[in-house]
Amino acid sequence: MEGSGHSVKVIGHKNPDTDSICAAIAYAKLKNAVDSARRYVPCRAGLVNRESKFALDYFGVEQPRLTTDVSPQLKDVDYRLDAGVDASLSLRRGWDLLGERNADTLCVVDGENLLRGLVTIKDMATAYMDMLDEGILRKAKTPYENIVDTLNAVVLAGEVLGRVVTGNIVVGAGSGSMMEASISKGDVVIVSDRAESQLAAIEGEAGCIVVCQGAKVSKTICSLAEEHKCILLSTPYSTYVAGQMVVQAAPIGHYMVSEGLLTFSPHSPVENVTKVMAKVRYRYFPIVDESEHYLGMVSRRNLLNLEKKRLILVDHNEKGQAVDGLEESEILEIIDHHRIGAVETEGPVYFRNMPVGATCTIIYQLYKENGVVPDRAAAGLMLSAILSDTLMFRSPTCTPLDEAAARELAKLAEVDMEDYAQAMFDHGGDVSGKSPEELLRTDYKIFTGGGTRFGVGQSIFMSDKNRAAGEALLKPYLDAALQKQGVDFIFYMFTDVPTSTTEVMMAGDGAAELVERAFGAQTKDGVAVLPGVMSRKKQMIPALLSAIKAEQP
């Protein structure tokens, strides 16, 4: 099962930017190259923006797997993989199977492995009370094959395959005339070695005759049985035992519960499954896929052996920016270049945090430290991330290490760095066809400081045309977004790379005053122009947090 111990998800923050996407892919590649004991899978916690998609397409790399919640699911549990059984299985074999599996439930499936019902030990116990119902084999449409198997019988005459019981159970006793009076067409007649009883059953048009205690049967009786299309069986059991056991030949499908089945999916959250299990009396529950194909069974005991999803966080270390369910997972590593946030771990983890412009700069250092040369695709993606996060070295977060790494990666990626950066930024800045919400979430994070919760988004533009289009698209939506997200403020940075200027659009009561205190800038129509402000991480967020704290009593 996926998530059963050897798969580790490498994942960035919600509303991922290019550094978040590319870091997940590049670091997963490195980990797979140096650690063969586990499989590292790049994932993303949100949609891929246009800039990131351009980079992925340019270097021929698939998008990371979308993972919006890492809460434990049933697929992370070692549930029972007991095979389903056919509805024609006899009660006797069903009982034996439960003993072999040390379970109390069988899942009944059809020829395509679709779940059709459940049979529990309680259902089987109830079935044995049908011993007083001489018509039970007929009502259950019992295959004669089940009778042969249940009574450990040998077929002496007649065709068994494909035939079902159409009469009642009759245990032969008394004279031939008494037998004749008690037998109807299609009955299953259990007799001793008395030839006259056997003959009376044949003449009474019995469907099956069971001769007990392995008694010899004459050739004449065998011939007559064949002639009358009557199945003739020989069992080692006594008449009494055979009469008791024959009801166990009834198929379990007759007793299974098929309505209102309570099933789970491999993707069912363990928390929800636990709550449901606490409310019902069953011990085992079937697991089916989207098409109702049976996969296995789960019990409360299985949930005790839950193995948490294992994660490596890249480009973030704050719980508020992380994928949902983080607290229920096991964090193995954190690779980041932001401030230290509030992510708690159960034990010590490898934490690599450096004051550089991009997470991929750190990851490239890890490649070199491990003696691994990235392939062209990995090099190209790491280059894209560094160019994006440092705004092609214009951002104040950019360090000499970022620029040196980018130039080395450009050679490995076989691209002209300036031309590639221009194409990537142009593609990312194109807002045509986007909805306001899509633009807002292109690169958007939520922060908390001094009891204030606020969101900050950023888009990078190389042309006035794209920037103006983005501002016109987003402005009417900000107030609605503020209410929808339940934050105190929203700030969105429209950053113009050629002029190293950011225009900040804002929403929320007091947002304009906050920006004016933070930057000493004037706002007009909900927009403030901030020359030289390029970095959300190093310039925007610290200034806003300081302004928020300054007004605290």
Side-chain angles (χ1 to χ4, degrees), residues 85-101 103-108 116-156 158 160-174 178-179 182-193 197-198 200-201 204-215 225 230-258:
V85 299
D86 192 84
S88 65
L89 185 74
S90 69
L91 285 170
R92 175 63 182 272
R93 286 301 174 193
W95 184 270
D96 292 342
L97 194 55
L98 286 177
E100 294 171 10
R101 295 179 175 180
D104 69 357
T105 304
L106 293 176
C107 291
V108 182
R116 293 305 181 213
L118 298 178
V119 177
T120 66
I121 284 182
K122 181 178 179 181
D123 297 324
M124 293 187 183
T126 301
Y128 287 123
M129 299 305 295
D130 285 335
M131 292 173 60
L132 300 178
D133 184 357
E134 59 188 23
I136 184 58
L137 297 185
R138 168 178 51 79
K139 294 174 183 176
K141 299 180 180 178
T142 304
Y144 279 113
E145 296 169 82
N146 285 14
I147 297 178
V148 174
D149 180 63
T150 300
L151 298 182
N152 194 23
V154 175
V155 180
L156 302 179
V160 172
L161 297 178
R163 295 179 62 184
V164 298
V165 175
T166 58
N168 295 335
I169 301 170
V170 177
V171 179
M178 292 178 61
M179 286 282 293
S182 61
I183 296 173
S184 299
K185 184 176 182 179
D187 285 348
V188 174
V189 182
I190 300 174
V191 297
S192 63
D193 60 348
S197 297
Q198 299 165 10
E205 298 188 84
C208 175
I209 300 172
V210 180
V211 180
C212 296
Q213 293 185 307
C230 175
I231 297 171
L232 185 60
L233 306 178
S234 173
T235 178
Y237 300 123
S238 68
T239 305
Y240 172 78
V241 172
Q244 296 285 316
M245 291 182 62
V246 73
V247 296
Q248 299 177 30
I252 62 174
H254 182 68
Y255 299 96
M256 72 180 184
V257 177
S258 58

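Just so you know, these numbers come straight off a predicted model, no measurement behind them.
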Undergrad: side-chain contact (heavy atoms from CB on, under 4.5 Å) with Val171: which of Val188, Val210, Thr239?
TA: Thr239
Undergrad: Among residues at least two apart in sequence or on other chains, which ones pass side-chain contact (heavy atoms from CB on, under 4.5 Å) with Ser258?
TA: Met256
Undergrad: Going by side chain to side chain donor-acceptor pair (under 3.5 Å), name the residues that satisfy it together with Asp104, two or more places apart in sequence or in a different chain.
TA: none
Undergrad: Who pairs with Leu156 by side-chain contact (heavy atoms from CB on, under 4.5 Å), at least two apart in sequence or on another chain?
TA: Val154, Val217, Cys222, Leu232, Ser234
Undergrad: May I have all residue pairs that pass salt bridge (Lys or Arg N to Asp or Glu O under 4.0 Å) and include part of residues 141-153, sequence neighbours excluded?
TA: Arg93-Asp149
Undergrad: Is the side chain of Thr142 donor-acceptor paired with the backbone N or O of Leu137 at a distance under 3.5 Å, no angle test?
TA: yes
Undergrad: To the nearest 0.5 angstrom, please state how far the CD1 atom of Ile190 sits from the OG1 atom of Thr235.
TA: 9.0 Å
Undergrad: Just by distance, do the side chain of Asn146 and the backbone of Ala250 share a donor-acceptor pair under 3.5 Å?
TA: no
Undergrad: Could I get the full list of side chain to side chain donor-acceptor pair (under 3.5 Å) partners for Thr105, not counting sequence neighbours?
TA: none
Undergrad: Sequence neighbours left out, what passes side-chain contact (heavy atoms from CB on, under 4.5 Å) with Asn152? Give chain and number order.
TA: Pro236, Tyr237
Undergrad: Counting distance only, does the side-chain N/O of Asp86 pair as donor-acceptor with the main-chain N or O of Ser88 below 3.5 Å?
TA: yes
Undergrad: Could you measure the distance from the CD1 atom of Ile147 to the CD atom of Gln248? Nearest 0.5 Å is fine.
TA: 12.5 Å
